[in-house]
2 protein chains.
Amino acid sequence: MPEPDTDAGSGPRPGAGGTRPTSRDVARAAGVSQATVSLVLGDKWRGRVSERTARAVRVAAGDLGYRPNLAARSLRLGATRTALLVVPALTHEYFARVYAGAAEVADAHGFGVVLYPSPAGVGPARDPFGSARTAIDGVIASSMAADALAAIGDGGLPLVMLDSDPDVPGGPPTVNLAVADGLRQVTRHLLGLGHRRVAHIAADVDTWTFRVRTEAVTAELAAAGLPPAPRRLSALDVTAARDAAVAALTAPGPRPTALLCDDDILAAGACKGARALGLRIPQDVSVSGFDDLALSSALDPELTTVRLPAESIGRHGMTALLALLAGRPAPPVELPLTLVPRASTASAPRG
Amino acid sequence: MPEPDTDAGSGPRPGAGGTRPTSRDVARAAGVSQATVSLVLGDKWRGRVSERTARAVRVAAGDLGYRPNLAARSLRLGATRTALLVVPALTHEYFARVYAGAAEVADAHGFGVVLYPSPAGVGPARDPFGSARTAIDGVIASSMAADALAAIGDGGLPLVMLDSDPDVPGGPPTVNLAVADGLRQVTRHLLGLGHRRVAHIAADVDTWTFRVRTEAVTAELAAAGLPPAPRRLSALDVTAARDAAVAALTAPGPRPTALLCDDDILAAGACKGARALGLRIPQDVSVSGFDDLALSSALDPELTTVRLPAESIGRHGMTALLALLAGRPAPPVELPLTLVPRASTASAPRG
DNA sequence: CTGTTAGCGCATTCAC
DNA sequence: GTGAATGCGCTAACAG
């Protein structure tokens, strides 16, 4: 046990064991009333409390280690200044970055963000108030499946959707990535390198973001006068992607010269699959990813991929939610994506 | 203003726009008093409320879509049933899994978990109540630097440390990984393959978990009668690790035949470095990681690494915190680690 | 300029 | 077995 810290002059113990100091304690210590304390610490005393008193209050509060009781404040205000960020998988680097962005602007506005990892993307999310049981002022939902939305939206809470279908008529405000454009960029990149036989390794996940990817690839190939890419569905893990890539590369007919993958994880699997068949990347087959995860530059060769402004979408999402909470409208946003060409794609082999 | 309720048979709107129903509304709807509602929904009406009344209450509550106001409940109970999980980096898969484990047992006990990503591991964490401003009953801190702990520990809140020095005298309860043993296993694995010149690519991070790794490697090599491994410090990213590996492999003297890395990320960089020098893995040089991230099997060849029971440590951490909150002691825990031999390590080349 | 008063929604005594 | 009263800590009205 450490000695009690120097109970010399400095006053009562800061965060010590017993009970936490209340605003009344601060008031007593400063020789003022509770209301004054509230005003001073709430930063709304411009012309109502004397400078001297204000300082006294702050000193007393600091001395006592006073922390306002959030529960009481929330109860009184009817708001918690807390937003819930619902993500399909916390394990994914992308969502961590979305969180960081959201938390940043939240913080600047005195808001907090708590995470609710919706179980496995599948099925309607369980009660968000079970796991992240904080009282919540609003919800930001990222990349959610359609039905999962229902469980959330029903909460009657202000809602912002990230990376989700913006064309739902009465739907919530959305902040989106220009996913379609991103895939157009990849497709054009591959076409520009002379690839004519491109296989699409697609994520087997039924969310807007992945549906759009398939459409974009198809449309862009059609625009170039090419037949639709043979498509292989794969779960979002390396092993499944590996198998999908092997299947794509060994299918009857001429072998694809490029594997366009919905995601960096899939691309990692695709690389393994190609190599397992003795194919070199990018000389024999080009592979492209999507997301620009740390993974994409950990691989060898580094992945050509598309950078997603994850923090930015988080920031915009929180900004939109704040607008909603303030009764202002939140116009839809679409953020541009940039192609990051690296070593995993090269000119199509001749023949 | 909505009409007073009960105009149509089915009753008032569930989660509709206006105001949320309170327990008093439920009481009125069920024709009982507020106290009865509280008892029924709090599941403590064993012999105090009649079965019929209880059902009526539950029906009314369901009908109205009643949700207890957490703020009010917390205020009354003096506890929030919420724990704060402090992690140095949310972007890391490991912490996501720790969270999942903690959330699981929390959920089973009616607790919630909110995350606080302590900025960049460096410097004392900023006020945890700024970002995750929920009221908190206790804190679980994972893999924190020593000084960051201070800011947290001062909160006077019950605290459990994960993956941190268990030998601090008056320190908080700890739940630990047998990190030292894990590195001993790796070291022995390499020695068993005939490697005698092992370089250590170490994380340039001053936390307990990494200090222990270095000590364990050193001790194990000494036990085998070998000189200490040449050590290269690297930031926890692929590029830095690549450079460190190149430096290690091109240092004067005989070339190391194995790179023992503190972490899978470092190992990924090490692989790139080795390959950049024209060395094959594992024929020319073996590389080992630590963590068993998804990355480790995305690489080619797959990494020999050590699996960390991340979910388990999260579960144990929450369990310990619950014990603390219940006034019970939380005995220290140490979880075993298992070596996962894969393709990135092989017999030392002769010569 | 400052103090007094009231009430947010809930869980809990204590009467009945 | 049930209802009426009380207070958690805070902030927003008003009164001085």
Side-chain angles (χ1 to χ4, degrees), chain A residues 18-58 60-61 64-82 110 129 133-137, chain B residues 15 18-58 60-61 64-82 110 129 133-137 156:
Chain A
T19 45
R20 277 196 4 193
T22 77
S23 75
R24 195 139 80 217
D25 296 333
V26 176
R28 256 199 297 266
V32 300
S33 93
Q34 212 182 138
T36 311
V37 173
S38 176
L39 286 176
V40 172
L41 278 76
D43 237 11
K44 42 186 72 161
W45 55 284
R46 336 229 172 172
R48 331 219 242 164
V49 176
S50 80
E51 179 68 46
R52 229 172 55 85
T53 330
R55 204 175 30 247
V57 168
R58 271 192 294 258
L64 287 165
Y66 169 71
R67 298 206 153 287
N69 179 321
L70 271 333
R73 186 210 293 272
S74 299
L75 179 56
R76 181 66 238 254
L77 296 178
T80 57
R81 301 191 79 76
T82 300
F129 308 94
R133 58 174 307 102
T134 324
I136 290 304
D137 288 344
Chain B
T19 45
R20 280 202 352 201
T22 76
S23 74
R24 193 138 81 219
D25 297 332
V26 176
R28 256 199 297 269
V32 299
S33 93
Q34 211 184 137
T36 312
V37 173
S38 177
L39 286 178
V40 173
L41 289 120
D43 236 14
K44 43 186 72 162
W45 54 285
R46 332 218 181 177
R48 332 219 241 164
V49 177
S50 80
E51 179 68 48
R52 230 173 55 85
T53 332
R55 206 176 26 250
V57 169
R58 269 193 294 257
L64 286 164
Y66 168 73
R67 298 204 152 289
N69 178 320
L70 271 332
R73 184 207 293 269
S74 298
L75 179 54
R76 181 64 241 259
L77 297 178
T80 57
R81 300 190 79 75
T82 301
F129 310 92
R133 57 174 307 101
T134 325
I136 291 303
D137 288 344

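Because the structure is predicted, anything quoted here is derived from the model rather than measured.
- Between chain A and DNA chain C, the heavy-atom contact criterion of under 4.0 Å yields a 5' to 3' nucleotide range of C/dC1 to C/dG9.
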Tell me, for nucleotides 4-13 of chain D in 5' to 3' order, what letter each nucleotide earns: B for a base near a protein heavy atom under 4.0 Å, S for only sugar-phosphate near one, - for neither?
B--BBBBBB-
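- In this structure, A/Tyr66 and A/Thr22 approach most closely via the heavy-atom pair CE1-C, 3.5 Å.
- Not counting sequence neighbours, the partners of B/Arg28 by the salt bridge (Lys or Arg N to Asp or Glu O under 4.0 Å) test are B/Asp25.
- Residues meeting the side chain to side chain donor-acceptor pair (under 3.5 Å) test with B/Asp137, sequence neighbours left out: B/Thr80.
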Just the dot-bracket of DNA chain D, please: which string comes out with Watson-Crick or G-U pairs under 3.5 Å, [ ] for crossing, | for another strand?
||||||||||||||.|
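- Across B/Pro68 and B/Arg73, no two heavy atoms sit closer than the pair CG-NH2, 3.3 Å.
- In this structure a side-chain-to-backbone donor-acceptor pair under 3.5 Å is missing from A/Arg58 to A/Val40.
- Closest non-hydrogen pair, A/Ser23 versus A/Gln34, comes out as OG-CG, 3.1 Å.
- At a threshold of 4.0 angstrom between heavy atoms, the contacts of B/Ser74 with the nucleic acid are absent.
- Residues satisfying the side-chain contact (heavy atoms from CB on, under 4.5 Å) test with A/Ala72, not counting sequence neighbours, are A/Asn69, B/Leu75.
- Looking at residues two or more places apart in sequence or on another chain, you find no side chain to side chain donor-acceptor pair (under 3.5 Å) involving A/Ser74.
- A pairwise comparison of heavy atoms in B/Trp45 and B/Leu39 identifies CD1-O, 3.9 Å as the closest pair.
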Pairs under 3.5 Å (N/O, protein and nucleotides 14-16 of chain D):
none

What donor-acceptor contacts under 3.5 angstrom involve side-chain atoms of residues 50-57 of chain A, with partners at least two apart or in another chain?
residue : atom : partner : partner atom : Å
A/Ser50 : OG   : A/Thr53 : N            : 3.1
A/Ser50 : OG   : A/Thr53 : OG1          : 2.3

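- Residues forming a side-chain contact (heavy atoms from CB on, under 4.5 Å) with A/Ala29 (at least two apart in sequence, or on another chain): A/Ala60, A/Leu64.
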